[in-house]
Q: 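Quick one: the structure is below, questions incoming.
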Amino acid sequence: MGKIKKEEIIEILSKYDKKDITIATLGSHTALHILNGAKQEGFRTAVVCEPGKEKPYERFGVADEFIFVDKYRDIVNEDIQKQLRDMNAIVVPHGSFVAYAGLDNVEDKFNVPMFGNRDVLRWEAERDKERKMITEAGIRMPYKYDDPEKIDKEVMVKFPGARGGQGYFICSSYEEFQEKIEEMKARNWIDDNDVKDAHIEEYVCGTNFCIHYFYSVLNDEVEVLGMDSRYETNIDGIVRIPAQDQIAANLSPSYVVSGNHPVVIRESLLPQVFDNGDRLVEKAKELVKPGMNGPFCLQCLCNDDRELVIFEMSARIDGGTNTFMNGSAYSYLKFGEPMSMGRRICREIKNAINDDKLEDIIT
Ligand code: AMP
């Protein structure tokens, strides 16, 4: 089976009643404000849920239709896809949708019109592609070590797979790297394959800003809609323990996101924020046409030189946008009305329908 072609999606879209579009997504991640934003923009909404997971969408009243699946991954099943197409659904992909459906399935099997650019999702999922896009855009990333023997200062060691920030560790020499690897193997947290695929990068000591951008294809403009910083277990718990007790407790840090804080950045850093967003959008247009097309996020650390160092990107709506369901300081400046990322996406869809340009923003 090959990748789904844009022409196939356009063909499906041509049969849709454009006056009766449903905005749909998987019931997780950022579904609350995607669906809420859709209603604000006048769309009908649908959420795909495992039984028992529908409660937030029911209690907050954001979903008009519920589609139940045994397992989230069943969203790619043909009968579910058909139900979605029958309701003229445009699906908004988010991090959990991609994780549960599986990237291969999203690329090869999911024959439902989606907002954005399907092909860009792989560029966030594969570390080498992500690094290529960001560094070729001229944006600073943490230095990457290709050999643990070359570790000469604090580094962060990351492992692949779906374990989030679980089991990441910090070390500053090859000896310490080996020691910590052995410890983790003894706990069965990692195996030899993980060690082979370990990603080692410069540890950036700085403050965390996850910057939420929206690239409007219709207006050819990069917008900054909000920012958050991460609240991570158990590192944010460990830092509340006095140093001598930390040593005694011998806890291993993990970096699993459990929540987000809204944040604003020092105003003099905003030119850098816009510059990074503009550069990434231009590079993405070159590497994976038509480029970013919608929401994306650059996760940064601001170091002592007030330089934004990007350690990760999301090439779709990022979970930190939940910090501004009713708008952020920045979305207020831009729109002067409550504007979540979900609503912004649906505004773009509405504008595209009105201008007969839906094909430009659908994949
Ligand atoms: P990631 O899984 O890459 O999103 O990283 C999880 C968390 O680890 C981030 O939210 C940061 O707190 C921290 N982190 C990631 N990369 C670095 C780095 N190069 N230097 C310092 N902290 C980092």
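Just so you know, ligand 1 is whichever comes first in the structure, and atom 1 is the first atom listed for that ligand. Only a predicted model underlies this, so the values are computations on that prediction, with no experimental measurement involved.
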Q: Out of the candidates D192, D194, D191, only one should pair with K185 under the salt bridge (Lys or Arg N to Asp or Glu O under 4.0 Å) rule; please name it.
A: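 That would be D192.
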Q: Scan D275, L308, L280 and name whichever one has a side-chain contact (heavy atoms from CB on, under 4.5 Å) with I139.
A: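 When D275, L308, L280 are each tested with I139, the side-chain contact (heavy atoms from CB on, under 4.5 Å) holds only for L280.
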Q: Looking at Q299, which atoms of ligand 1 are within less than 4.0 Å of one of its heavy atoms?
A: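 Those qualifying, in numeric order: 4 (O).
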Q: For atom 15 (C) of ligand 1, which candidate among R230, K158, E312 provides the closest heavy atom?
A: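 Answer by nearest heavy atom: K158.
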Q: Locate the shortest heavy-atom distance separating F159 from V157; write the atom from each residue and the value.
A: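 The answer is CZ-CG1, 4.0 Å.
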Q: For atom 19 (N) of ligand 1, tell me which residue out of H199, E201, M156 has the closest non-hydrogen atom.
A: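 That would be E201.
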Q: Say whether H261 and T323, considering side chains only, have a donor N or O and an acceptor N or O under 3.5 Å apart.
A: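 Checked: H261/T323 side chains show no N/O donor-acceptor pair below 3.5 Å.
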Q: What about N208: any of its N or O atoms under 3.5 Å from an N or O on ligand 1?
A: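 No.
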Q: When you measure from atom 2 (O) of ligand 1 to each heavy atom in Y231, Y168, Y255, Y203, which option holds the nearest one?
A: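 Minimum heavy-atom distance to atom 2 (O) of ligand 1 goes to Y168.
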Q: Heavy-atom distances under 4.0 Å decide this one: backbone, side chain, both or neither, for L301 against ligand 1?
A: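 The answer is the side chain of L301.
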Q: Which of the atoms in ligand 1, numbered in the order shown and given with their element, are less than 4.0 Å from a heavy-atom of E202?
A: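 Once the distances to E202 are compared, the set is 18 (C), 19 (N), 20 (N).
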Q: Please work out which of the three classes, parallel, tilted or perpendicular, describes the rings of Y100 and Y72, given edges at 30° and 60°.
A: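 Because their plane-to-plane angle lies in the 30° to 60° range, the rings of Y72 and Y100 count as tilted.
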Q: Do F97 and F110 make the cut of ring centroids closer than 6.0 angstrom?
A: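 Ring centres of F110 and F97 closer than 6.0 Å.
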Q: Which of the atoms in ligand 1, numbered in the order shown and given with their element, are less than 4.0 Å from a heavy-atom of P142?
A: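 Close to P142: 19 (N).
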